[in-house]
Amino acid sequence: MRDTSYLGLRPWMAACSMLLVLASGSAAARDARTLSPDDVDWLRRDSFELDSATVALYRDLGRSHLLDRQLDGRISDELPAPIAALVNSYEAGNTPTEQLLTNLRDEQEKIKNMPDGDDKTAAKKAQQQHANDLLQQAQQIEMLHAIYGPNQLKEQMVWFWLNHFSVYGAKGRVRWVAADYVQNTIRPHALGKFRDLVMATLESPAMMEFLDNAQNAKGHINENYARELMELHTLGVGSGYTQQDVQQLALVLTGAGVAPLRDPGVMRPRVAEMVVRNGMFEFNPKRHDFSDKVLLGHTIKGSGFDEISQAVDLITKQPACAQFVSKKIAEYFVSDHPSPELVAKMAHTFQRTDGDIAEVLRTMFDSKELAASYGKKFKDPMEFVVSSVRMAYDGKPIANAKPLLNWLNQLGEPVFGRLTPDGWPLDSTGWSSSGQMAKRFEIAGAIGSGNNRLLTPEGQPKSGGDFPLLTTRLYYDTFEPKLSAPTRDALAKATTQQEWNTFLLSSPDFNYR
């Protein structure tokens, strides 16, 4: 029998509940498709967190059809009009990457030609601020997509791959191309073939800048990207590759970098026809080592850009790659320590489908291991912030995304903020210390009380209270039936709606999914 004792906790709670019942009772009577506890748990894992639109889509389509449409890309990435307008207002979101880098070059040349003095110092400071603004805009774009994107499974994979193929925003020109990395490198390939995703990251100016392959040339070998491509992106530590393989892959990658912003001048026809350009990526044969290479026991004849394609094909077809990538996905979605059986099933699908990410996810979502993990997977800071806003504001458009960045900074997991290329930790130990939990409680309070500027456009004074109402039909239909006794006890002690919101968002029931 459903526990309805919450109605007597506080007069204001009873009043809210009665109004809710009166307002939505007729709709509930027409729609008998009440979600089961298993439905709720599955949907919470399929999305960053529940909102009314996600629940409605699940009711309309059912689990299997929803999963099919998500994995097939038949649910669009289109954002609600007010959020799309906010994204389009950002320079980083509406300016082509080549134009951004050209503007940077022009700014740098102007500053270089200025005489030393206060004006030059001020110009350098303004350029740094411009770069920081572009990075913040890229961070906000990613978070807005995570909160409002209709295909929530894809949005989770975009975040997963951004972390897996991590780049540090503050290095070099990465700030200027970070938005391009999210929107044009990661997002289009988040549910496609893993090989294509690796090639997309390889050809991105953000990756070339961050891991220094833009400086990798014949006679001046830089092994940074080659090492991380195998260690962190594809094969993993202890998978059998050697230091010689790293060196050989670095030779393969010579000449791959960021396209120059000026005409490189006249090239001999035979050399010019070997140049490869894709957006701001360029393979320059004049910088390439054309010797034959031996990678993972296979000979790759010196031939130019095709060597890179051959190397990526070879690496991504290794059984170790299927195992490594499958395990990382399972760690994110299922468990800090996924069972070898689940990883083996996912890896088998990976190899059978030539690295089809969507099919690997389907194997995982159909597994008994996923169902056994419900309520046990701790949210990382990104998941916590995104899920809190999704739950609290339930589709209501926010007007200012900067508070989202502040909260992620406080929790230590800013987008593009990982200094090292290994990405943020996937296990709960990195995010569940007492200090972390205290910060979560503060952020839950800021969201639950409306003590933030999410609904106030940037540059305008905050007016009135913006606290959300979490005691909605969504809450009573999904969360309330599954609440633990300690959480019910805590909620019973709340004296205001704002306090009740805070207690719910900081509860274990909400922080685990």
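All heavy atoms count here, side chains included; hydrogens, waters and symmetry mates do not.
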Original post:
Side chain of Gln410, backbone of Lys439: donor and acceptor closer than 3.5 Å?
Top reply: no
Subject >> Thr456 side chain to Gln460 side chain, donor-acceptor N/O pair below 3.5 angstrom >> reply: no
Original post:
What heavy-atom pair brings Leu491 and Leu504 nearest, and what distance separates the two atoms?
Top reply: CD2-N, 3.7 Å
Original post:
Do the side chain of Asp394 and the main chain of Ser52 share a donor and acceptor less than 3.5 angstrom apart?
Top reply: yes
**OP:** Taking all heavy atoms of Ile398 and all of Leu455, pick out the closest pair and write down the distance.
**Re:** CA-CD2, 4.0 Å
Original post:
Can you tell me if CZ on Arg418 sees more than 12 non-hydrogen neighbours from other groups inside 6.0 Å?
Top reply: yes
Original post:
Under 6.0 Å between the ring centres of Phe416 and Tyr168?
Top reply: no
**OP:** Please lay out, stage by stage, how Ser484 and Asp509 fare under the test side chain to side chain donor-acceptor pair (under 3.5 Å).
**Re:** CA-CA 7 Å; Ser484 64; Asp509 300 69; 3.0 Å; yes
Original post:
Where the side chain of Asp72 meets the backbone of Arg74, is there a donor-acceptor pair that is under 3.5 Å apart?
Top reply: no
Original post:
Quick one: which of Arg63, Lys482, Arg44 gives a salt bridge (Lys or Arg N to Asp or Glu O under 4.0 Å) with Asp38?
Top reply: Arg63
**OP:** List the atom of Ser166, the atom of Phe210, and the distance in Å for their closest heavy-atom pair.
**Re:** O-CE2, 3.4 Å
**OP:** Check whether any side-chain heavy atom of Phe194 lies under 4.5 Å from a side-chain heavy atom of Cys321, and answer yes or no.
**Re:** yes
Original post:
Any chance NZ of Lys327 has more than 12 other-residue heavy atoms, nucleotides or ligands included, within less than 6.0 Å?
Top reply: no
Original post:
Between Asn151 and Glu155, does any side-chain donor sit less than 3.5 Å from a side-chain acceptor?
Top reply: no
**OP:** Kindly indicate whether a cation-pi arrangement holds for Arg440 with Phe384, taking the cut-offs as under 6.0 Å to the six-membered ring centre and within 45° of the axis.
**Re:** yes
Subject >> Spacing of Glu203 atom CD and Asn278 atom CG [to the nearest 0.5 Å] >> reply: 4.5 Å
Subject >> Backbone of Gly236 reached by a side-chain donor or acceptor of Ser239 within 3.5 Å >> reply: yes
Subject >> More than 12 heavy atoms of other groups within 6.0 Å of Glu91 CD >> reply: yes
Original post:
Between Ser204 and Thr185, is any side-chain donor less than 3.5 angstrom from a side-chain acceptor?
Top reply: no
Original post:
Looking at Phe160 and Leu426, what are the two nearest heavy atoms and their distance?
Top reply: CE1-CD1, 4.4 Å
Original post:
Going by distance alone, is a donor N or O of one side chain under 3.5 Å from an acceptor N or O of the other, for Gln156 and Asp46?
Top reply: no
**OP:** Could you tell me which non-hydrogen atom of Ala178 sits nearest to which non-hydrogen atom of Leu135, and how far apart they are?
**Re:** CB-CD1, 4.0 Å
Original post:
With a 3.5 Å cut-off and no angle check, do the side chains of Ser373 and Arg45 form a donor-acceptor pair?
Top reply: yes
Subject >> Thr54 and Arg390 side chains, donor-acceptor separation under 3.5 Å >> reply: yes
**OP:** Could you check Lys345, Lys377, Lys376 and say which one makes a salt bridge (Lys or Arg N to Asp or Glu O under 4.0 Å) with Glu369?
**Re:** Lys345
Original post:
Going by the angle between their ring planes, with limits at 30° and 60°, are Phe365 and Trp42 parallel, tilted or perpendicular?
Top reply: perpendicular
Subject >> Between Tyr332 and Trp161, ring centroids under 6.0 Å >> reply: no
**OP:** Give the intermediate values and the outcome of ring-ring contact (aromatic ring centres under 6.0 Å, His included) for residues Tyr181 and Trp176.
**Re:** CA-CA 10 Å; Tyr181 188 62; Trp176 300 78; over 10 Å; no
